[in-house]
Amino acid sequence: MQKKYILEMFPYPSGNIHMGHVRNYVIGDICARYHKLKGDEVIHPMGWDAFGLPAENAAIQFNTHPQDWTFDNIQNMKDQLKKLNLDLDWERELATCKEDYYQYQQELFIDLYKAGLAYKKDALVNWDPEDKTVLANEQVIDGKGWRTGAIVEQKVLSQWFFKITHYAEELLNDLDNLTLWPEKVKTMQKNWIGKSIGAEIKFQIIDKDEQLNIFTTRPDTIYGATFIAISINHKLVSKILKANEIDLIKKSFSKIVDNKEKQGFLLDIKCQHPILDKEIPVYIANFVLDNYGEGAIFGCPAHDERDYEFAIKYNLPIIKVIQCDDTDLPYTKDGEVINSPLVNGLRKSEAIKKIIDYFEKKEIGKRSINYKLRDWGVSRQRYWGCPIPVIYYEDGSFRVLEKSELPVILPYDVNLNGKGNALLNHDKWRKIICPKTKKIAYRETDTLDTFVDSSWYYIRFLDNKLGKPFDTKKVNTYLPVDKYIGGIEHAILHLLYSRFFMKALRDIYKLDINEPFRQLFTQGMITHKTYKTQKGEWVMPKDIIFKDGKIIRQKTKEFIEEGPSEKMSKSKKNVIEPDEILENYGIDATRFFMISDSPPDRELEWTDEGIQSSKNLVRRIERYFNVKKTETKKDTERVIEKFINNIEKNILGFSLNKCIADIYTLFNYLEKEKIYLHDNIISKKVLICLYPFAPKMSSKIMKDLFKSESKDNWPNINNSLLLETNINLPIQVHGKLVTTIETKKGYIEKDILKSIYKIDKIKNKILDRKVIKVINVQDKIINIITS
RNA sequence: GCGCCAGUGGCGGAAUGGUAGACGCGCUGGUCUUAGGAACCAGUGGGCAACCGUGGGGGUUCGAGUCCCUCCUGGCGCACCA
């Protein structure tokens with residue numbers, strides 16, 4: 001008996017299950033049921049990602065409470081899930097907004113803090129003005145908030161961070177061990193971590209006791225450096241310029257929003273070139289990122305596109321240090337180094353090595369590795385989240401609470417008016433007497449990013465009622481999750497955070513688990529045609545009718561234009577409600593359709609024909625078993641064995657669409673060959689194979705035919721039956737198919753060729769030419785080559 | 001711009017380097033009648049044929065949808081990352 005932990009990404013309790021959830025959970029359910037039938041020890045839990053902004057926003061809008069709203073939604077969605085006939089371990093259920101979950105998260109926070117993996121600092125952070133909270137770097141997409149789409153502002157705030165960068169190297173390297181993850185997700189994570197190997201070089205500022213640290217991946221081009229550029233937020237800037245001067249530059253930069261036009265402001269300082277006896281100018285430039293490397297670069301215009309553009313605009317010298325034609329500038333490829341006395345004649349990689357060696361000897365530079373990945377900012381200025389177990393004294397110092405002082409319970413009686421953080425305004429909760437120092441103290445009013453909640457829920461599922469976060473032995477036994485199924489939209493966020501958490505907890509609690517998810521499967525979206533009136537108003541699919549080749553809105557008789565199939569969304573109204581589908585077509589047909597028309601990792605287009613044909617398949621199977629006759633043929637058993645084998649192979653490979661094809665193929669055969677199984681024992685095998693896909697139908701037929709619902713185990717395959725004795729052997733001449741012959745497996749080549757040469761079609765192809773070669777791929781194909 | 005993935009009938013999609021188009025949808029004939037959101041039978045890549053066909057062009061191979069090179073198109077991701 002093997003353990004199989006099968007998990008689908010838990011939903012946010014927004015109020016209703018949508019079709020995307022249905023597809024996600026049906027895929028997982030099929031796997032879970034299959035493994036149970038195989039006799040595996042299956043863990044298949046479900047819970048609620050229950051903290052988060054929608055609850056708070058809804059509460060403000062509808063004058064309710066986030067907790068009540070959330071609990072109502074959970075109840076409703078749970079009812080909906082139950083209708084989907086999912087085989088879930090409901091006794092493992094958890095909701096992240098409940099004390100019995102988040103108090104243990106507070107414990108984890110304390111331990112992360114003690115391990116140096118949680119810290120507080122003033123930082124320039126991403127502020128979402130609409131949700132009125134800070135966002136992590138991962139949650140800003142194209143300069144906009146991931147949820148609201150509002151343009152993110154930069155603010156300096158004192159914030160809690162998790163030190164994910166501590167694991168940058170491991171998070172990167174371990175991707176190679178995740179052989180059962182989609183390459184695409186791994187590539188995305190790799191790019192996000194963004195490892196660069198290069199050097200850190202010190203540039204001395206002339207006449208000042210200051211140095212500029214610069215990270216570069218191209219130390220080989222140091223002789224071509226003609227300027228230095230730093231970010232407006234570089235710490236040097238505030239030492240040189242006055243606040244109003246800085247503001248002016250910032251304003252100037254902010255006018256350039258969308259295009260990448262480069263702008264620079266020359267500073268009244270110069271740097272000494274680290275090798276050459278020359279001074280180079282220093283600019284503040286808009287294209288220098290302040291959160292990458294040291295926030296400073298040296299510009300080598302001849303061999304970098306951005307530096308080239310900048311140099312042209314500000315008329316800076318362009319010095320070639322890699323051999324190339326002038327017309328190729330900026331030349332960024334490898335080549336022979338020139339104009340660089342120390343490394344002339346070398347190629348890029350050798351020059352880099354030699355230059356760094358030189359810098360290290362001179363102690364003005366060193367080898368350096370840089371990551372794009374930043375530490376994870378976890379403070380959120382919102383009420384509906386896990387309280388951070390920290391208190392502040394009036395002198396500004398803080399203390400992270402002891403575990404014995406937990407839980408810090410989120411107060412229910414808050415005033416949510418949308419103005420500011422409700423916890424900040426809740427004086428009674430906020431102000432306490434510190435039990436240790438007896439001093440007045442104030443609770444941390446920020447709450448944790450909800451991605452913290454989902455970073456360890458798969459661990460809590462193992463023991464959801466335990467009086468501590470988890471049981472080490474259980475974690476080591478049941479993790480990693482064997483199959484994790486969900487949408488690709490979490491490729492970076494949730495999946496990277498969870499990987500970090502697993503590694504951090506491993507180090508803190510001495511666990512044996514390195515990675516949380518052994519296999520990741522990302523299911524495709526469900527799409528549907530879109531419908532619009534001529535005025536541009538979106539119309540729901542159920543509100544239209546087809547008439548005389550035209551599409552008409554039922555109520556108003558307006559003509560409707562059909563648009564392309566797009567991801568189901570409320571805004572485009574191209575949604576199908578699971579409840580209505582279940583009512584009209586039944587659970588088994590719905591389950592069939594979720595995996596029928598395309599492979600589970602690709603998009604599935606919702607069509608009426610599709611769901612209808614799934615329904616027809618259910619009826620067809622029911623009808624078949626209703627025929628009270630048993631009649632089999634010689635190869636019936638072999639066909640069934642092949643069917644079982646195919647279904648099993650395709651479930652394990654997540655090729656669930658092929659399972660549906662296998663089912664059709666089987667019933668096509670049975671009906672065409674007039675084979676009746678009814679209460680023949682073979683029916684049991686077939687019904688067990690159907691059970692993961694259509695459990696309701698399968699159980700009912702099983703009960704009708706065999707008077708018992710007890711599910712036997714997955715049938716063992718009789719391999720000897722799988723070896724077909726008769727095969728159709730293709731015969732090629734010069735690699736082109738000419739004919740096929742029926743023969744037995746294991747034929748003797750010499751003998752079979754004799755009869756092949758007698759076939760007219762073959763004779764006509766060979767004519768009087770000499771056969772110079774015969775390629776016989778035993779039991780597969782024969783290819784005859786003539787002169 | 002960089003990276004990844006993908007291009008196969010009218011459509012969704014099958015094919016460990018070995019019979020391209022399994023299976024489904026749709027469509028075309030026909031059968032039946034409890035006139036159905038049915039069911040059943042036959043057909044369905046192109047071409048009268050020999051033959052031709054997996055985005056285009058090269059290559060490797062006895063044999064290529066599959067491997068290699070190159071170009072085109074589409075999707076996704078990242079994007080001034082020094």
Side-chain angles (χ1 to χ4, degrees), chain A residues 141-142 182-196 198-199 214-219 221 228-229 259-262 285-289 291-300 303-307 309-310 332 370-374 488-489 491-492 565 584-585 589 592-593 596-599 601-605 607-617 619-620 623 646 650 655 657-668 671-672 727-741 772-786:
Chain A
I141 294 153
D142 291 336
E183 282 304 317
K184 192 179 171 175
V185 174
K186 289 197 279 184
T187 307
M188 283 165 76
Q189 292 211 355
K190 202 172 166 182
N191 292 341
W192 187 263
I193 295 167
K195 181 181 183 178
S196 300
I214 288 181
F215 175 77
T216 178
T217 55
R218 294 296 304 274
T221 63
I228 280 171
N259 63 36
K260 288 181 178 173
E261 196 199 328
K262 294 193 172 35
N286 64 338
F287 68 96
V288 180
L289 303 171
N291 55 5
Y292 183 76
E294 304 289 330
I297 61 147
F298 74 74
C300 176
H303 305 294
D304 183 283
E305 282 173 29
R306 300 151 298 181
D307 299 347
E309 205 186 308
F310 192 79
T332 57
N370 200 39
Y371 298 93
K372 208 178 92 177
L373 182 73
R374 306 279 89 196
I488 193 145
E489 64 272 19
I492 306 282
S565 204
N584 291 335
Y585 296 93
F592 271 150
F593 182 52
S596 283
D597 279 2
S598 40
D601 55 349
R602 281 198 225 168
E603 357 186 282
L604 170 74
E605 183 175 7
T607 58
D608 290 345
E609 291 83 0
I611 181 72
Q612 184 56 46
S613 65
S614 292
K615 175 80 188 167
N616 292 346
L617 178 61
R619 281 208 287 238
R620 179 177 170 190
R623 217 168 28 238
N646 284 341
N650 288 328
S655 301
N657 54 322
K658 285 191 254 169
C659 291
I660 299 295
D662 293 334
I663 294 171
Y664 276 110
T665 307
L666 176 72
F667 284 90
N668 287 350
E671 287 174 355
K672 184 155 191 166
I727 50 167
N728 269 325
L729 187 70
I731 312 298
Q732 296 180 332
V733 175
H734 288 292
K736 283 199 171 187
L737 180 76
V738 176
T739 188
T740 63
I741 55 168
I772 53 173
K773 199 174 180 187
V774 173
I775 290 137
N776 172 39
V777 183
Q778 187 65 38
D779 299 339
K780 276 278 165 80
I781 200 162
I782 288 180
N783 190 5
I784 298 164
I785 312 299
T786 65

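These numbers come from the heavy atoms of this one structure, side chains and all, not from hydrogens, waters or symmetry mates. To find a chain, count down the sequence lines: A is the first, B the second, and so on, and within it residues start at 1.
For RNA chain B, the stems formed by at least three consecutive Watson-Crick or G-U pairs, with both atom-pair distances below 3.5 Å, span B:1-7 with B:72-78, B:10-12 with B:23-25, B:26-31 with B:39-44, B:55-59 with B:67-71.
Taking atom P in both B:G65 and B:G21, the straight-line distance is 12 Å, to the nearest Å. Nucleotides B:G12 and B:C41 have their C1' atoms positioned 25 Å apart, rounded to a whole Å.
Between A:Arg602 and B:A14 there is a side-chain polar atom (N or O) within less than 4.0 angstrom of OP1 or OP2. Of the side-chain N and O atoms in A:Thr187, none sit less than 4.0 angstrom from OP1 or OP2 of B:G77.
At a threshold of 4.0 angstrom between heavy atoms, the contacts of A:Lys780 include nucleobase atoms, whether or not backbone atoms are also involved. Nucleic acid contact class of A:Thr217 (heavy atoms, under 4.0 Å, all strands): sugar-phosphate only. Nucleic acid contact for A:Val774: none, since no nucleic acid atom lies under 4.0 Å from a heavy atom of the residue. Looking at heavy-atom distances under 4.0 Å, A:Tyr371 makes no contact with the nucleic acid at all.
By the side-chain contact (heavy atoms from CB on, under 4.5 Å) test, A:Arg623 pairs with A:Arg619, A:Arg620, sequence neighbours left out. With sequence neighbours excluded, the residues satisfying salt bridge (Lys or Arg N to Asp or Glu O under 4.0 Å) with A:Asp304 are A:Arg306. Checked against ring pair (Phe, Tyr, Trp, His ring centres under 6.0 Å), A:Phe287 has the following partners two or more places apart in sequence or in another chain: A:Phe310.
With its glycosidic angle within 90° of 0, B:G9 is assigned syn.
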Next item on the list: Indicate for each nucleotide in nucleotides 21-34 of chain B, in 5' to 3' sequence, whether protein heavy atoms under 4.0 Å reach the base (B), only the sugar-phosphate (S), or nothing (-).
Entry: -BSSSS--------
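The interatomic distance linking A:Lys372 (NZ) with B:G77 (P) rounds to 14 Å, in whole Å. As rounded to whole Å, 18 Å separates atom P of B:G1 from atom CG of A:Asn191. For the pair A:Lys615 NZ and B:A38 P, the computed distance is 13 Å after rounding to whole Å.
Counting heavy atoms from C-beta on, the side chains of A:Lys615 and A:Ile611 never come closer than 4.5 Å. The shortest distance between side-chain heavy atoms of A:Gln732 and A:Ile782 does not fall below 4.5 Å.
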Show the distances under 3.5 angstrom between N or O atoms of the protein and N or O atoms of nucleotides 62-66 of chain B.
unit_1 : atom_1 : unit_2   : atom_2 : d
B:C62  : O2'    : A:Asn783 : ND2    : 3.4
B:C62  : O2     : A:Asn783 : ND2    : 2.5

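Side-chain N/O atoms of A:Lys262 and base N/O atoms of B:C80 include a donor-acceptor pair closer than 3.5 Å.
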